[in-house]
*Asks:* 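One structure, as structure tokens, below. Some questions next.
On a predicted model such as this, the values are computed, not experimentally measured, just so you know.
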Amino acid sequence: MLGIPFAMTLVAVTTPASTRAIPLESKNISLALANSLAGAAIASCRMIGKEAVVAVVDRGGNLVVLQRGDDIGPHNTLAAQRKAFTALSTKANTAVLAQRAAYDPASRNLVTLPELLLLGGGVPLVVGNDIIGGIGVAGSGGSANDERCATDAIARSLGAAPQRP
């Protein structure tokens, strides 16, 4: 009787020879790219006569850069961070998520997650097939302006229109 449980334990803790532990390789956003994106978004908003707050997060959702224009309400700082995190986490533009939550009953539960903010202005940062971070813009006079500033910044800093996963 004692030999059976012991043998089962050995089987449970052994791993197949084909499963190797190898490090993951992944792309991430650099501080220089994050600064470029934030500066480009602020400049884009100013071109339409608006100020904004811009947040850029890395692929782990960590804040890398936060830039705030003049005379922006303090609530927009957190909004920009949450938009950037939401875009990264869900791998989707926050404007698209807001529409889904409004019309798709299966997506409505997204509004109950306090970390997410379903307002336009958050865009995932995509290089090739990799999502390397997210950008969030808030305070520029509405979601459409916020998203425009974010997508303009991506086009300027990454040299192409943002790719959608």
Side-chain angles (χ1 to χ4, degrees), residues 23-48 50-69 72-165:
L24 295 175
E25 292 184 25
S26 57
K27 295 177 184 170
N28 207 342
I29 192 160
S30 66
L31 177 60
L33 179 55
N35 277 319
S36 174
L37 286 159
I42 294 282
S44 178
C45 286
R46 287 182 175 160
M47 286 176 43
I48 60 171
K50 303 291 183 179
E51 293 288 336
V53 176
V54 180
V56 180
V57 299
D58 67 13
R59 71 177 297 120
N62 302 297
L63 182 64
V64 178
V65 167
L66 180 75
Q67 289 187 22
R68 184 182 162 278
I72 298 298
H75 66 284
N76 290 300
T77 300
L78 182 56
Q81 289 177 275
R82 287 179 54 203
K83 287 179 184 184
F85 178 84
T86 301
L88 164 77
S89 180
T90 62
K91 301 175 175 73
N93 288 17
T94 54
V96 171
L97 291 171
Q99 290 174 347
R100 280 188 204 152
Y103 298 107
D104 177 16
S107 297
R108 282 197 189 115
N109 67 337
L110 291 174
V111 300
T112 66
L113 299 172
E115 301 84 15
L116 303 183
L117 184 58
L118 305 185
L119 292 174
V123 181
L125 299 171
V126 182
V127 174
N129 292 325
D130 296 314
I131 296 178
I132 64 167
I135 184 171
V137 177
S140 71
S143 294
N145 287 345
D146 293 345
E147 182 142 348
R148 174 184 172 177
C149 296
T151 57
D152 284 354
I154 291 169
R156 287 185 195 185
S157 297
L158 295 176
Q163 300 172 5
R164 306 287 190 256

*Asks:* Verify, without hydrogens or angle tests, whether Thr151 (side chain) and Arg148 (backbone) share a donor-acceptor contact under 3.5 angstrom.
*Replies:*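 A pair under 3.5 Å: yes.
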*Asks:* Among Leu31, Asn35, Val57, which residue satisfies the side chain to side chain contact (heavy atoms under 4.5 Å, CB included) criterion with Val64?
*Replies:* Leu31
*Asks:* Give a yes or no answer on whether the side chain of Thr94 reaches the backbone of Ala87 with a donor-acceptor pair at less than 3.5 Å.
*Replies:*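 Flag not set: sc Thr94 to bb Ala87 has no pair under 3.5 Å.
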*Asks:* Which heavy-atom pair separates Asn93 from Pro124 by the least distance, and what is that distance?
*Replies:*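 Closest pair (atom of Asn93, atom of Pro124, distance): OD1-CD, 3.3 Å.
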*Asks:* Any donor and acceptor pair, going by atom type alone, linking the side chain of Arg82 with main-chain N or O of Pro114 inside 3.5 Å?
*Replies:*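 Judged by distance alone, yes, a pair lies under 3.5 Å.
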*Asks:* Hey, what do you get for CD1 (Ile42) to SG (Cys149), rounding to the nearest 0.5 Å?
*Replies:*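 That separation rounds to 8.5 Å.
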*Asks:* Evaluate the side-chain proximity of Thr77 to Leu66: yes if any heavy-atom separation is below 4.5 Å, no if none is.
*Replies:*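 Leu66 vs Thr77: side chains touch.
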*Asks:* Is a donor on one side and an acceptor on the other found under 3.5 Å between the side chain of Asp130 and the backbone of Ile132?
*Replies:* no
*Asks:* Side chains of Val56 and Leu125: closer than 4.5 Å at any heavy-atom pair?
*Replies:*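 Val56 vs Leu125: side chains touch.
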*Asks:* For residues Lys83 and Val137, determine if any side-chain heavy atom of one lies less than 4.5 Å from a side-chain heavy atom of the other.
*Replies:* no
*Asks:* Do the side chain of Arg59 and the main chain of Gly133 share a donor and acceptor less than 3.5 angstrom apart?
*Replies:*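 It does not hold such a pair.
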*Asks:* What pair of heavy atoms forms the shortest contact from Ala55 to Ala84, and how long is it?
*Replies:* O-CB, 3.7 Å
*Asks:* Do Glu115 and Ser89 touch side chain to side chain, with heavy atoms closer than 4.5 Å?
*Replies:*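 Glu115 does not reach Ser89 side chain to side chain.
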*Asks:* With the side chain counted from C-beta on, respond yes when Asp146 and Leu119 share a heavy-atom pair under 4.5 Å apart, and no when they do not.
*Replies:*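 No, their side chains stay 4.5 Å or more apart.
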*Asks:* First locate atom OG of Ser36, then atom CG of Leu158, and finally report the distance between them rounded to the nearest 0.5 Å.
*Replies:*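 Answer for the OG-CG pair, Ser36 versus Leu158, is 8.0 Å.
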*Asks:* How many angstroms lie between CD1 in Ile135 and CG in Leu33, if you round to the nearest 0.5 Å?
*Replies:*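 Rounded to the nearest 0.5 Å, the CD1-CG separation comes to 9.0 Å.
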*Asks:* Quick one: does any side-chain atom of Asn145 pair with a main-chain N or O of Ser140 as donor and acceptor, under 3.5 Å?
*Replies:* yes
*Asks:* Which value, rounded to the nearest 0.5 Å, describes the distance between Leu110 atom CG and Arg100 atom CZ?
*Replies:* 8.5 Å
*Asks:* With a 4.5 Å cut-off on side-chain heavy atoms, are Val54 and Leu37 touching?
*Replies:* no
*Asks:* Treating Asp104 as the side-chain partner and Ala106 as the backbone partner, does any N or O pair qualify as donor plus acceptor under 3.5 Å?
*Replies:*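 Yes; judged by distance alone, with no hydrogens or angles, the pair exists.
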*Asks:* Does the side chain of Ile29 come within less than 4.5 Å of Val127's, by heavy atoms?
*Replies:* no
*Asks:* Which heavy atom of Ala34 sits nearest a heavy atom of Val65, and at what distance?
*Replies:*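 Distance-wise, the nearest heavy atoms are CB-CG2, 3.5 Å.
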*Asks:* I want to check something: taking the side chain as every heavy atom from C-beta on, are Leu97 and Ser107 in contact at a cut-off of under 4.5 Å?
*Replies:*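 Answer no - side chains too far apart.
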*Asks:* Mind listing the closest non-hydrogen atom pair of Ile72 and Gly139 along with its distance?
*Replies:*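 In this case the closest contact between Ile72 and Gly139 is CD1-O, 3.9 Å.
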*Asks:* Do you know the tightest heavy-atom contact between Ala138 and Ala79?
*Replies:* CB-CB, 3.9 Å
*Asks:* Testing Leu63, Thr86, Asn76 for side chain to side chain contact (heavy atoms under 4.5 Å, CB included) with Gln81, which one passes?
*Replies:*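 So the option named by the test is Leu63.
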